[in-house]
Structure formats: C-alpha cells, structure tokens
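As structure tokens, the structure follows; a few thoughts come after it.
Every chain is numbered from 1, with letters handed out A, B, ... down the list of sequences.
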Amino acid sequence: MTSQRLTFPKQLHIKSGAEFRAIYDRQCKAADQRLLMFGLANGRAKTRCGLSVSKKHGCAVQRNRLKRLLREAFRLTQHELPAGLDLILIPIKEVGTQAEYQTSVRGLAKRLAKKLLSPTDVESGSPKT
RNA sequence: UGAGUGGGCCGAAUGGUCGCUGUGCGUUUCGCAUGGAGGAAAGUCCGGGCUCCGCAGGGCAGGGUGGUCGGUAACGCCGACCGGCCGCGAGGUCAGGGAAAGUGCAACAGAAAACAAACCGCCACGCGGAGUGUGCUGAGUUCGCUCAGAGGCUUCCGCGAGGUAAGGGUGAAACGGUGAGGUAAGAGCUCACCAGCAGCCGAGGUGACUCGGCUGGCUUGGUAAACCCCACCCGGAGCAAGGCCAAGCAGAAGGAAACCGAGUUCGCUCGGUACGAACCGGCCCGGUUCGUUCAAGCCUUCGGGUAGGCUGCAUGAGGUGUCCGGGCAACCGGCAUCCCAGAUAAAUGACCGUUCUCGACAAAACCCGGCUUAUAGGCCCGCUCAGCAU
RNA sequence: GCCAUCAUAGCUCAGUCGGUAGAGCGACGCUUUCGUAAAGCGUAGGUCCUCGGUUCAAGUCCGAGUGAUGGCC
C-alpha cells in the first residue's frame with residue numbers, strides 16, 4: 001500500500017476466455033448512460049479489469065480509442081475502487097470524455113462491490129428467484 | 001491572367017506530468033537510455049517468398065491471361081512503342097488474338113435478320129374487261145351518219161406466269177458510296193474515282209505494324225465479358241500454415257485382400273507376381289506407403305479431452321544518396337551509409353500549455369511486389385489552349 | 001487473420017441459353033353474409049443492393065464497392 005502509483009501492467013488485465021465466461025455467468029451487472037459493467041469477486045488483493053468493445057462501435061480506429069479511454073479511466077481511478085474485484089467494462093453508444101468515464105467507473109464499481117462483497121449475498125449466491 | 005492536362009510530395013507542430021510496449025544496460029517488487037502504425041496499415045482482387053501435404057510426374061478436365069518488345073522473383077503489374085476511338089491540343093481511353101474452322105443467338109417492328117429471298121413498287125409478255133380516236137372492210141342510209149367485224153393505239157383494272165432490287169417503310173443492324181453508260185425496267189451488268197478485303201512483291205522496323213506498287217473477285221454484317229479455336233501460364237492448402245513443451249480424457253463399432261520360390265534357430269525373413277486399403281485437389285495413367293493367419297497397425301463412423309506456454313517473428317526481392325555506370329523509360333549493376341513497429345483480450349493514450357492554414361480517410365498481426373477503393377486541406381514541377389502586353 | 005456463401009414485391013422464394021420479372025402468403029376493393037371468417041373475382045405494389053463496362057439490349061455476362069451470414073485448432 002506504500003505505492004500510490006497509477007500503473008496498469010498486464011497482471012491487472014483479464015485475458016483468458018474462461019475468466020470472461022466466469023464473470024458473465026455470475027450475471028452481476030450495473031450500468032449507467034455510458035457504461036455497462038460486469039463484476040465478480042476474485043479473492044485477490046487487487047482489482048482487475050477487462051474490456052469488451054464490439055464492432056457496433058465503428059471501425060478499428062474508433063474501437064481502439066474507446067479501449068484507450070476506458071483503460072485510462074480504470075488506471076486513474078483504481079485506488080479509489082474497492083479491492084478484490086474482476087470487472088468487465090462495456091461502452092454503450094456514444095463516446096464520452098475522460099472525466100465522465102472516470103465518474104462512471106467509480107460509481108458502478110461501488111454498486112457492484114455492495115452486491116458482491118456483502119456477506120448475505122455471498123451466502124445466497126444464486127442469481128435466480 | 002484564365003481554362004485545362006499529366007505527374008510528384010506532405011498528411012498539424014512543440015513542451016511538461018502520469019501511463020503502455022519492444023530492445024539494451026544497471027540491478028532485480030525498480031531505475032536509466034532508446035525505438036514505437038500508414039499512404040493507403042483497408043478491400044483480400046492478383047503475383048511471389050515461406051511452411052506442410054512423402055515425390056510435385058504425364059494426359060484429360062477445370063481455371064486464368066490475350067497488340068508487340070522489354071522490365072521483374074513473379075504477375076492480371078510497370079515502361080516504351082504499334083493500332084482503334086475521343087479531344088483544337090497537351091493528352092485520355094481500350095479484356096486490343098481468331099467471326100472468309102464450326103455451332104448458336106438477335107425480343108418487338110419489318111416483306112426479309114444472314115443466305116439470299118421478294119411485301120409494296122417498277123417493267124416487258126399472254127388472256128379478259130373498260131376507254132379511245134383515225135383509217136380499212138362489209139351492210140344500212142334520211143348522204144349528216146349509224147351498226148358490225150378484224151386489226152391498231154393509249155390509259156386504267158383484274159388474272160396468269162415471269163424479270164428486277166433503283167426507290168419505300170421497320171429496326172441497334174438491311175448485303176459498298178458517288179457519277180456516267182446501259183436496259184423493257186433494273187442491277188458491279190460495264191467503266192471512272194473513292195472506301196474496304198484478299199494475295200504477291202519491294203522498302204523500313206527485333207516486332208506489333210507502317211509506306212509504296214501490282215493482281216484479283218467486285219464486297220465479305222454483329223456477337224467470342226455465348227459455346228468454341230489458337231498461343232502461353234497454373235499441383236493443393238494456408239502462419240488459426242507448421243514445429244516443440246506442458247496439462248488432460250474413455251473409449252466403442254465396423255472394414256478389405258494370397259500364392260509361388262529361396263533361406264530358416266520353425267518364431268519368421270528375403271524376393272517375385274497378384275490383390276486390398278489409404279494418399280498424391282477431380283478422372284485416367286503412373287507412383288508412394290502399409291497390409292493380405294490371429295492380434296497389433298492402418299482406414300472409416302460415432303464419442304471423449306484440451307484450447308495454456310514457447311517458437312515461426314522481423315536483416316529484408318530492406319531503406320537512404322543533387323553518388324557513379326548502362327538504358328528513351330520501367331529497371332539493372334556498383335559504391336557508401338543506416339537498422340527504421342513486433343503486440344498476442346493485443347502497445348501511441350489522458351491531462352495541462354503554446355502556435356498554425358484548426359487537422360480528412362483511417363491503424364500493423366508471417367513478410368514482400370502490385371492493383372483497387374477511401375481521403376480535409378496544402379505545396380511543387382512539366383506541358384497544352386485562349387486572351388492581353390512586349 | 002484466413003476461407004466461403006448470399007442480396008429480386010411488405011415476408012418466403014422462382015426466374016434455363018441475355019429479349020420489357022413472376023408464384024405463394026400478406027394489403028386494398030368488390031361479390032357473398034344480419035355481421036365476421038372462409039370462398040370467388042379484381043387491383044396496386046419493384047432503382048432486381050450500389051457504381052462502371054461488354055452488347056442493339058443486362059436481374060442474367062465481366063470488374064469494383066456496400067451490407068449480411070457461415071466455417072477454421
């Protein structure tokens with residue numbers, strides 16, 4: 001906790017298809033006007049992040065720009081987020097600014113942390129009913 | 001100055017802070033240095049390299065290309081030249097071999113759509129009818145003429161059997177054009193000139209082809225991005241190719257075809273022929289491997305498991321040069337110099353400034369050579385035409 | 001990244017060898033019925049995905065582009 005450095009190395013990327021599938025299967029999500037966020041408790045000290053940008057958002061240049069903006073938003077806000085989560089960020093429709101994405105990431109991650117890290121929800125666990 | 005035409009180039013710049021990624025060095029939870037998308041990275045339309053299919057063979061089929069000569073690793077690309085068409089011109093454009101090898105096709109319209117034929121028309125002939133006037137013959141006569149007959153003339157109509165392709169209209173396209181002669185009417189029927197075709201000869205050119213001369217028949221249509229013929233080219237798949245490591249699971253059903261000789265430690269081995277299966281993109285030839293007692297193996301069908309890491313992977317048909325030599329050019333050779341992205345849920349961003357003409361299309365994924373398509377704005381060069389001035 | 005396939009009426013699809021594009025369902029109108037459905041009769045509806053080229057003529061042949069779908073160890 002000594003380092004408040006704002007790095008985003010590859011250890012904090014979610015990469016494999018199995019990890020993505022596990023997070024989607026948990027079906028714990030939150031959204032606002034700009035972002036859709038899936039989450040899952042990973043039992044680690046740090047919070048990790050994955051991105052999903054579909055072809056609906058335009059050509060390769062536009063998709064790359066969206067991914068960079070989202071990656072930057074996560075990097076700059078990572079120490080304000082609750083620890084021990086795996087998050088997937090999916091943009092919705094229009095391209096926002098860096099400040100807007102940062103506030104979205106903060107708010108959505110807190111909402112997911114309430115659902116995932118409270119002991120009652122851990123007990124029940126089932127998404128049904 | 002205006003209009004146009006051909007070609008080349010650039011594709012915001014710069015500073016700070018926090019980050020991402022390759023390499024190198026120090027040292028290892030980090031720090032420093034340095035490199036970090038494009039002219040199209042795109043579409044995947046061609047051509048190669050590379051890898052595997054054991055070898056990459058012959059014929060057929062299939063596909064592609066199509067003026068000539070060069071360039072190239074190769075090309076459907078590029079250059080120069082030739083020819084057709086467009087443009088006053090600079091220039092542009094052309095899948096630009098063959099339709100007098102063969103087959104097919106052409107709706108509608110039109111008489112007729114490819115080999116000559118003939119609807120209207122024009123023309124002479126025969127027959128019939130209508131008309132006509134003069135002369136002839138005969139009869140009658142009121143001497144004015146009237147009637148009949150044969151023959152004639154000209155115009156029209158109909159029928160018959162022909163001649164003709166000048167003219168007409170249709171169509172995208174109608175079987176050379178103009179003039180004269182000729183004829184019953186006409187026609188390359190004949191002649192002159194022109195256009196075009198074929199053959200031969202001469203000159204120039206590596207060649208496509210060009211120029212000139214002679215002869216011939218008098219004239220041959222379009223479509224091959226329809227089949228086809230000719231010439232040349234092409235084995236298939238693709239870096240999710242392929243190689244190595246780790247992890248993991250569960251197997252089941254079915255399948256074909258033998259004899260001979262030699263050796264033998266009687267387990268088999270070797271050779272020959274035959275057969276079977278699989279493979280060599282499709283078929284045939286030809287070939288390769290395995291097998292022909294059971295089992296194993298191989299093949300087919302169904303089922304199951306894993307989709308992690310390393311490599312391939314970046315020094316190359318490489319870039320640059322008021323360089324040298326060859327070539328009209330594309331390009332080739334030499335010399336010097338440089339190393340210039342290498343990710344793998346996938347690296348260039350965010351924030352704060354300054355300046356400007358306020359920033360288009362758009363981002364590598366094995367690598368090259370092209371083509372095509374997208375592209376705000378700006379710069380440079382060659383050439384043409386018109387106007388004005390000198 | 002690589003390799004294939006498709007695009008025709010509101011929907012599902014035909015369309016051979018180039019010659020003015022159809023079928024079924026649907027829509028609308030009429031007949032029938034007290035009314036509806038069914039049935040019968042009729043009508044409209046097409047940039048043949050887009051742009052070039054070949055041809056007298058292109059949905060069809062050729063080239064380029066756009067969009068959609070499927071496959072790969």
Side-chain angles (χ1 to χ4, degrees):
Chain A
M1 292 301 120
T2 54
S3 64
Q4 278 292 98
R5 297 168 47 81
L6 299 171
T7 61
F8 187 38
K10 283 187 180 172
Q11 293 81 32
L12 298 183
H13 289 221
I14 297 170
K15 291 183 187 177
S16 71
E19 287 171 320
F20 270 84
R21 224 172 294 120
I23 296 165
Y24 284 132
D25 286 347
R26 181 65 180 79
Q27 291 198 343
C28 180
K29 56 193 174 188
D32 62 8
Q33 291 146 353
R34 285 176 292 276
L35 277 182
L36 172 63
M37 184 184 275
F38 282 80
L40 178 67
N42 61 0
R44 293 165 191 250
K46 294 193 174 178
T47 290
R48 303 190 299 168
C49 174
L51 303 171
S52 176
V53 181
S54 77
K55 274 199 171 173
K56 274 185 284 183
H57 294 91
C59 62
V61 171
Q62 289 163 345
R63 279 181 274 134
N64 274 344
R65 166 141 185 90
L66 263 176
K67 287 202 260 182
R68 284 172 187 145
L69 282 170
L70 293 177
R71 218 179 284 130
E72 190 71 10
F74 177 81
R75 183 179 73 83
L76 293 172
T77 60
Q78 57 180 315
H79 294 297
E80 307 166 34
L81 305 180
L85 287 177
D86 278 353
L87 304 174
I88 296 177
L89 307 184
I90 301 169
I92 299 172
K93 289 193 173 178
E94 301 156 15
V95 179
T97 64
Q98 182 60 36
E100 287 171 350
Y101 279 128
Q102 287 189 27
T103 55
S104 291
V105 169
R106 275 194 213 99
L108 294 173
K110 276 173 192 165
R111 278 160 59 185
L112 284 177
K114 266 186 199 170
K115 288 188 190 176
L116 289 167
L117 299 179
S118 64
T120 56
D121 198 9
V122 170
E123 285 292 325
S124 64
S126 63
K128 285 291 171 186
T129 67

If anything within 90° of 0 is syn and all else is anti, what is B:G39?
syn
Distance between P atoms of B:A195 and B:U210 (Å, rounded):
15 Å
Sticking with atom P, work out how far B:C367 lies from B:G39, rounded to a whole angstrom.
15 Å
Kindly compute the distance separating CG (A:Leu51) from CG (A:Leu70), expressed to the nearest 0.5 Å.
5.5 Å
Is the glycosidic torsion of B:G282 within 90° of 0, making it syn, or is it anti?
anti
For A:Ile14 and B:A345, what is the distance between atoms CD1 and P respectively, to the nearest whole Å?
13 Å
Complement of B:C358, any strand, by Watson-Crick or G-U distances under 3.5 angstrom
none
Strand partner of B:C200, provided both Watson-Crick or wobble distances fall under 3.5 Å
B:G213
Taking OP1 and OP2 of B:A347, is either one under 4.0 Å from a side-chain nitrogen or oxygen of A:Arg71?
yes
Could you give the distance separating B:U289 and B:U273 at their P atoms, to the nearest angstrom?
14 Å
Nearest listed nucleotide, side chain of A:Phe20, among B:G349, B:A345, B:A346
B:A345
Could you work out the separation of B:G64 and B:G87 based on their C1' atoms and round it to a whole Å?
36 Å
Provide, to the nearest angstrom, the distance between the CG atom belonging to A:Asn64 and the C1' atom belonging to B:U21.
14 Å
Can you tell me, in whole Å, how much space there is between the C1' of B:A56 and that of B:G236?
10 Å
Which of the following nucleotides, B:A363, B:A345, B:C18, is nearest to the side chain of A:His13?
B:A345
B:C18, B:A363, B:A350: which one has an atom nearest the side-chain heavy atoms of A:Leu69?
B:A350
Tell me the partner of B:C127, counting only Watson-Crick (N1-N3 plus N6-O4 or O6-N4) or G-U wobble (N1-O2 and O6-N3) with both under 3.5 Å; none if nothing fits.
B:G158
Give me syn or anti for B:C340, where syn covers glycosidic angles within 90 degrees of 0.
syn
When rounded to whole Å, the NZ to C1' distance for the pair A:Lys56 and C:G67 reads 17 Å
Ranking A:Val61 and A:Thr7 by the position along RNA chain B of their nearest nucleotide, the one closer to 5' is A:Thr7
Could you work out which one of B:A362, B:C20, B:A350 sits closest to the side chain of A:Cys59?
B:A362
Calculate, to the nearest 0.5 Å, the distance between atoms OG1 and CG belonging to A:Thr103 and A:Leu35 respectively.
9.0 Å
From CZ of A:Arg21 across to C1' of B:A345 the rounded distance in Å is 13 Å
Partner nucleotide, any strand, of B:U137 [Watson-Crick/G-U, under 3.5 Å]
B:A148
Mate of C:U31 where both pairing distances stay under 3.5 Å, Watson-Crick or G-U
C:A39
Proximal nucleotide (of B:C18, B:A363, B:C20) relative to the A:Arg75 side chain
B:C18
Any strand: nucleotide that pairs with C:G67 via Watson-Crick or wobble, under 3.5 Å:
C:C6
Shared hydrophobic cluster, A:Leu69 / A:Val61 (ILVMFWY, side-chain heavy atoms < 4.5 Å)
no
Out of curiosity, A:Glu100 CD to A:Gln33 CD, how far, rounded to the nearest 0.5 Å?
9.0 Å
Going through the distances and angles, do A:Arg111 and A:Met37 end up as a side chain to side chain contact (heavy atoms under 4.5 Å, CB included)?
CA-CA 10 Å; A:Arg111 278 160 59 185; A:Met37 184 184 275; over 6 Å; no
Just label B:A37 as syn or anti from its O4'-C1'-N9-C4 or O4'-C1'-N1-C2 angle, using within 90° of 0 for syn.
syn
Of the candidate nucleotides B:A37, B:A350, B:C20, which contains the atom at the shortest distance from the side chain of A:Arg68?
B:A37
For B:A341 versus B:A37, give the span between their C1' atoms, rounded off to a whole number of Å.
7 Å
For atom P, what is the distance between C:A23 and B:A106, given to the nearest Å?
25 Å
Let me confirm one number: the CG-CD1 distance from A:Leu40 to A:Ile88, rounded to the nearest 0.5 Å.
9.0 Å
Which base sits across from B:A350 as a Watson-Crick or G-U pair, both distances under 3.5 Å?
B:U17
Tell me the interatomic distance from A:Leu12, atom CG, to B:U21, atom P, rounded to whole angstroms.
11 Å
Partner of B:U65 by Watson-Crick or G-U wobble geometry, both contacts under 3.5 Å, or none?
B:A231
Provide, to the nearest angstrom, the distance between the NZ atom belonging to A:Lys55 and the P atom belonging to C:G67.
10 Å
When you compare B:C339 with B:U315, how far apart are their C1' atoms, in angstrom units rounded to a whole number?
8 Å
Atom of A:Ala73, atom of A:Val105 and distance for their closest heavy-atom approach:
CB-CG2, 4.3 Å
If I take atom CD in residue A:Gln102 and atom P in nucleotide B:G349, what distance separates them, rounded to the nearest angstrom?
17 Å
Is A:Arg63 near enough to B:A363 that one of its side-chain N or O atoms lies under 4.0 angstrom from OP1 or OP2?
no
To the side chain of A:Lys15, which of B:A364, B:A345, B:G349 is closest?
B:A345
In terms of the nearest nucleotide of RNA chain B, which residue is placed more toward the 5' end: A:Lys67 or A:Ala99?
A:Lys67
First locate atom NZ of A:Lys115, then atom CZ of A:Arg26, and finally report the distance between them rounded to the nearest 0.5 Å.
9.0 Å
Once you apply a heavy-atom cut-off of 4.0 Å, does A:Gln98 come out as touching a base, just sugar-phosphate, or nothing?
sugar-phosphate
Whole-Å distance between B:C18 P and A:Glu72 CD?
13 Å
With the 90 degree cut-off around zero defining syn, does B:G267 come out syn or anti?
syn
